[in-house]
Amino acid sequence: MREGDELTWQRRVSVAEVDAFAELVGDHAAHHRPVGDRPLVVHGLLMLGFISQLSARFDYIGRELTASFLRPCFTGELLTGRMRVQRVTPVGDLGWEVELRGEVVNEHRRRVLVATGRGLSPYPTSDDQSRGRAR
């Protein structure tokens, strides 16, 4: 993991996923329930969870998270998530503090979510490994 590294994912969120998330967290607000053929609004925290799957690839332990939900996204839309490593700083015996920035964009190229996070990774960056600074 190095500054500038970026990960992405794409998916279409299904009605079944929105229903399962609603059951899990108890958020059954009207816009998350089916009415006729209308697409459901995807829970913002479900989208944030998809971004979290990217940070897991870095074995990242979150400490702080700020998110802005810019517009709703709907079941069936193609979503693209991106996460970029903004900064990696050694923090003694804790490993490395990592600052991340992520976003989710819908199929119309409109941002629906932006998020920044700060956390720890117990593993060194590849630069640190090459200099023999492994933990």
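Predicted, not measured: the structure shown is a model, and the values here were computed from it.
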Taking every non-hydrogen atom, the tightest pair across F74 and P39:
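That closest heavy-atom pairing would be CB-CB, 3.9 Å.
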To the nearest 0.5 Å, tell me how far [X] [atom1] sits from [Y] [atom2].
{"X": "E64", "Y": "T116", "atom1": "CD", "atom2": "OG1", "answer": "7.5 Å"}
{"X": "L24", "Y": "D19", "atom1": "CG", "atom2": "CG", "answer": "12.5 Å"}
{"X": "R101", "Y": "E6", "atom1": "CZ", "atom2": "CD", "answer": "11.0 Å"}
{"X": "R111", "Y": "C73", "atom1": "CZ", "atom2": "SG", "answer": "14.5 Å"}

Quick one: does any side-chain atom of [X] pair with a main-chain N or O of [Y] as donor and acceptor, under 3.5 Å?
{"X": "Y60", "Y": "G119", "result": "yes"}
{"X": "E23", "Y": "A20", "result": "no"}
{"X": "R118", "Y": "L100", "result": "no"}

Under the criterion side-chain contact (heavy atoms from CB on, under 4.5 Å), I'd like the reasoning laid out for E99 against E3: C-alpha separation, chi angles, the key distance, then a yes or no.
CA-CA 9 Å; E99 293 180 31; E3 292 177 12; over 6 Å; no
Between L70 and V112, does a side-chain contact (heavy atoms from CB on, under 4.5 Å) hold up when you go through it step by step?
CA-CA 5 Å; L70 305 174; V112 296; 5.7 Å; no
Residues in salt bridge (charged side-chain N to carboxylate O under 4.0 Å, His left out) with R12, at least two apart?
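In terms of salt bridge (charged side-chain N to carboxylate O under 4.0 Å, His left out), with neighbours along the sequence ignored, R12 is linked to E107.
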Taking atom CZ of R110 as the centre, report whether more than 12 heavy atoms of other residues, nucleotides or ligands fall under 6.0 Å from it.
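No, CZ of R110 has 12 or fewer neighbouring heavy atoms, counting only those of other groups under 6.0 Å.
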Report, as yes or no, whether the 6.0 Å neighbourhood of atom CZ on R109 holds more than 12 heavy atoms from other residues, nucleotides or ligands.
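It does not: R109 CZ has 12 such atoms or fewer within range.
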Same cluster or not: [X] versus [Y], using hydrophobic residues (I, L, V, M, F, W, Y) connected whenever any side-chain heavy atoms lie under 4.5 Å apart?
{"X": "L78", "Y": "V104", "value": "no"}
{"X": "V114", "Y": "F69", "value": "no"}
{"X": "V13", "Y": "V105", "value": "no"}

Please table the atom pairs, donor to acceptor, closer than 3.5 Å between any side-chain atom in residues 79-92 and protein atoms at least two apart or in another chain.
residue : atom : partner : partner atom : Å
T80     : OG1  : Q10     : NE2          : 2.9
R82     : NH1  : E103    : OE2          : 3.1
R84     : NH1  : G4      : O            : 3.3

Residues 40-54, side-chain donor-acceptor partners within the protein, below 3.5 Å, at least two apart:
residue : atom : partner : partner atom : Å
H43     : NE2  : D27     : O            : 3.2

